[in-house]
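Here is the structure we will look at.
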Amino acid sequence: MPEQTNPVARAIDKVIDAVADDGAAGEIPGRPGAEPPSLAEPVEPREPLPPKPDQHGPDPLTATGQPSGETAESRAQGGPFLTTATGTRLPDTDHSLKAGPRGPTLLRDHHLREKITHFDHERIPERVVHARGAAAHGVFQAYGTAATISKAAFLAKDVRTPVFVRFSTVLGSRGSADTVRDTRGFATKFYTSEGIFDLVGNNIPVFFIQDAIKFPDVIHAGKPHPDREIPQAQSAHDTFWDFVSLHTEATHHTIWNMSDRGIPRSYRMMEGFGVHTFRLVAADGGTVLVKFHWKPKAGVHSLVWEEAQLLGGVDPDFHRRDLADAIEAGAHPQWELGVQIFPDTPEQTFEGIDLLDPTKIVPEELAPVQPIGLMTLNANPVNYFAETEQVAFHVGHLVPGIDVSDDPLLAGRLFSYLDTQLTRLGGPNFNQLPINRTHAPVNDMLRDGMHQTAVHAGAAPYRPNSLDGGCPFHAPDGYVEVPVPVEAAPRGRLSPASFDDHFSQARLFWLSLSPVEREHVIAAYTFELSKVYEQAIKERQLLVLARIDPVLCREVAAGLGLPAPDGAPEGDPAASPALSQVGRTWPTEGRIVGIVAGPDLDAVRTVRQAVLDGGMVPLIIAPTGGVLPGPGEPVTVQRTFAAARSVEFDAILVAGAPEPGADAQGARDAKAGVSGTVDPRVALLLNEAYRHAKPLGGWGEAREAFTAAGIPATAPGVVTGESAADVLEQVTGLLALHRVWERFPSALG
């Protein structure tokens, strides 16, 4: 991609310009408003501020998909003065209308009633699942490589399609934490020229169940216990493990959840999958079956479990903050959309794998993922509620060239999504909300209903008609379901015999992981099952693990203090290296580098600029906030010793051995309770980062800081030297591996 058209390259230039040390506030992502506030309350009337440069709202279209010509300003609040909902100016909103200063409040206070009534109705029902989400705007540019297998217009070469993407956790409420162990949603709304296409997937390519009729059951089991409403946003409790140990078709999805995939480093470093098998239709009518994959350009990376636990308290909003800050900083996340392609045979199988079973994958070594386009997220929402909360996805939003398969889980979703939006968004006109509006003209003959915002003309919302000149007419190139023959069969609540294999692919996943990843799976099962109260459920789940692998079962049983049952694993399938997150190098753009400041400000400035030049985000860490004292160009502090924790950073650089700050008192900051020549908060920061296998580097007297943290200067991934630039270069090389995996020796070999 040429430099001038590369959004990431342009964004990096923007970041370098934006964060140059000029002493101004907001030089890193996170500024809340479009301009810095004044110290005193502003009193001079002025128009509302525009959105921040990293934000844009839904494209300006009418409720029926026509360009409206609106500007962002015309859709937002306007005018310098406070008004009622109908535009009447108000001189006061701090005092109710009363009969005298101490008299009763009067019922006739129309402003009080309007303000309180609207406030009382500000919330809508949250999603039953995927309630906790974060989203961004972007663009999808097709490579044209799918044009031979699908006639969808947005897949033609170089076509650019606006998108809105919502990431989410499944089980937690809107107020839950981001970094819990859970499946993540990855839902993409394509605003194509032929209508909306929603690719509504997850970060795990398989699901817990094979038939949608069991979806209420698995969600009821995963949700908090109904009597206490705990635990929130996690699966470490009896009802979840009771269900998955009895419903062994959940085994494959469960082991993915117990792996590092269950705690991604960020949404930017998370794969996405369509889960189901879809059917693509070419212009000549030919069809193929496909599975959709989103591959992050930054690589697939995860947290370690202790990081996830710390972040639940230090920053429960870590994933949504990371996504928004990266976009604001100009490190625009990118994913390639790819497809695995299979012949559309009557059996709908491939290499013995049933393509209609949503608990199965097709290993990429058998069917490579073929890239068909690039998605770049380049703008944050202007308003969370209007966009992220009200966006309505539906797997039935399809365009010509894309059709569904007979996957029984997908069949239920085709019903459930529409039904859900009717309840959440107050009626059948949810597609007219700005974030849901199609970019194609709408002439649907649908009328009236709650929240109807289109003003339909004409006398004949039916066809055929003559009163409206026959309009609307049937489209010869419209959407047509593929006329797949349906085999005659007896009616019954049935499933194919191929759906009975619940363990072979869970074993495939286990055998495909590196030793350190297997250790994490063992630890996850052990932690989760240790939270289960009923002994019988633990023992039943161990019987399931015995069907996957004897080592897995034995190690988890040992952690639980239980005997390991005998079991026969389901064969020895060839490993799929594509399932492991370890062993490759990845771009470092958008990574967060903490720089613990020392007395040599010139070195701090130099390495900070070098971090920026590498497309990463530097955060200066010092005893206090403000600007570092000393001659030369000012260096602004972003994190204090009291506020910084290692979980926020991907790597840490240390410019010397910082002495204890003035607030290094146990009474003020419990992290500072251990005295020494190096600030104990810095020692803790380094010790945590070392335990989490993050690259560390330092120069000057940095060895003293590492010693205070109990870190050998010769340990793997610890770089020291006299040149800050040389140290950074080596640390960046380590960062490309995501972690210093040698620090996690495994007994599994």
Side-chain angles (χ1 to χ4, degrees), residues 1-2 5-8 136-165 167 186-203 205 268 270-300 332-344 350 355 361-378 393 395 397-405 407 410 439-440 479 482 578 587:
M1 184 178 292
T5 63
N6 186 334
V8 172
H137 295 273
V139 63
F140 174 79
Q141 182 163 349
Y143 296 153
T145 49
T148 58
I149 57 173
S150 176
K151 62 183 179 181
F154 80 99
L155 295 177
K157 184 174 176 56
D158 294 332
V159 171
R160 292 170 61 85
T161 302
V163 297
F164 189 72
V165 181
F167 305 102
F186 192 133
T188 307
K189 185 175 290 291
F190 295 82
Y191 302 93
T192 87
S193 61
E194 298 177 300
I196 295 288
F197 170 52
D198 285 343
L199 182 55
V200 195
N202 289 332
N203 74 318
R268 299 180 289 130
M270 188 177 81
E271 275 187 296
F273 302 91
V275 179
H276 309 287
T277 298
F278 290 81
R279 178 175 280 109
L280 298 189
V281 186
D284 63 2
T287 62
V288 294
L289 300 177
V290 302
K291 285 183 175 290
F292 289 107
H293 295 246
W294 288 111
K295 298 285 189 183
K297 300 291 278 186
V300 187
H332 295 157
Q334 293 185 311
W335 289 260
E336 274 193 321
L337 179 62
V339 289
Q340 289 180 294
I341 304 173
F342 318 105
D344 189 0
F350 181 79
L355 297 176
I361 64 167
V362 177
E364 294 182 27
E365 291 74 19
L366 296 179
V369 176
Q370 302 181 37
I372 63 174
L374 179 70
M375 179 173 72
T376 304
L377 299 185
N378 53 23
F393 296 97
V395 290
H397 287 163
L398 301 165
V399 293
I402 302 176
D403 200 355
V404 298
S405 69
D407 179 335
L410 179 56
H439 291 200
Y479 186 90
V482 177

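Only a predicted model underlies this, so the values are computations on that prediction, with no experimental measurement involved.
- In this structure, the separation between CE on Met270 and CG on Asn203 is 5.0 Å, given to the nearest 0.5 Å.
- At distances below 3.5 Å, not a single donor-acceptor pair connects side-chain atoms of Asp198 with backbone N or O atoms of Val200.
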inquiry  = Between Val362 and Phe342, does the side-chain contact (heavy atoms from CB on, under 4.5 Å) criterion hold? Intermediate values first, please.
reply    = CA-CA 10 Å; Val362 177; Phe342 318 105; 3.8 Å; yes

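- In summary, Glu364 and Lys291 do not engage in a salt bridge, as defined by a charged side-chain N under 4.0 Å from a carboxylate O.
- Each of Tyr191, Phe154, Trp335 was evaluated against Phe140; a single residue qualifies, Phe154, per the side-chain contact (heavy atoms from CB on, under 4.5 Å) test.
- Closest of all the heavy-atom pairs between Tyr143 and Gly373 is CD1-N, 3.3 Å.
- Note that the CG atom of Leu374 and the CZ atom of Arg160 stand 9.5 Å from one another [nearest 0.5 Å].
- In terms of heavy-atom proximity, Gly272 sits nearest to Phe186 at CA-CD1, 3.6 Å.
- Within the model, atoms OG1 of Thr192 and CZ of Phe197 stand 9.5 Å from one another, a figure rounded to the nearest 0.5 Å.
- Taking 4.5 Å as the limit, every side-chain heavy atom of Arg279 sits out of range of all side-chain heavy atoms of Val288.
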message = Apply side-chain contact (heavy atoms from CB on, under 4.5 Å) to residues Met375 and Gln141 and explain how you reach the verdict.
response = CA-CA 6 Å; Met375 179 173 72; Gln141 182 163 349; over 6 Å; no

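- In this structure, Leu155 CG and Phe190 CZ are separated by 8.0 Å, a value rounded to the nearest 0.5 Å.
- In summary, the side chains of His293 and Gln340 do present a donor paired with an acceptor at a separation below 3.5 Å, with no hydrogens or angles considered.
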Verdict with supporting geometry, Leu199 and Phe393, side-chain contact (heavy atoms from CB on, under 4.5 Å) = CA-CA 8 Å; Leu199 182 55; Phe393 296 97; over 6 Å; no

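- Looking only at atom types and distance, the side chain of Glu194 has no donor-acceptor partner in the side chain of Tyr479 under 3.5 Å away.
- No donor-acceptor pair closer than 3.5 Å links the side chain of Thr376 to the backbone N or O of Val139.
- Side chain to side chain, Asp407 and His276 meet the donor-acceptor criterion of an N or O pair below 3.5 Å.
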Test side-chain contact (heavy atoms from CB on, under 4.5 Å) applied to Phe278 and Phe292, step by step = CA-CA 8 Å; Phe278 290 81; Phe292 289 107; 3.7 Å; yes

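- Taken to the nearest 0.5 Å, the OG1 atom of Thr188 stands 8.0 Å off from the CG atom of Leu337.
- Using a 4.5 Å cut-off on side-chain heavy atoms (C-beta onward), Val281 and Ile402 make no contact.
- The two residues Thr287 and Asp344 make their nearest non-hydrogen contact at OG1-OD2, 2.7 Å.
- The CZ atom of Phe350 sits 11.5 Å away from atom OG1 of Thr277, with the distance rounded to the nearest 0.5 Å.
- Ser405 approaches Leu410 most closely through the heavy-atom pair N-CD2, 4.0 Å.
- Across all their heavy atoms, Ala156 and Ala142 have their closest contact at O-CB, 3.2 Å.
- When all heavy atoms are compared, the tightest approach of Ala440 to Ser193 is CB-O, 3.5 Å.
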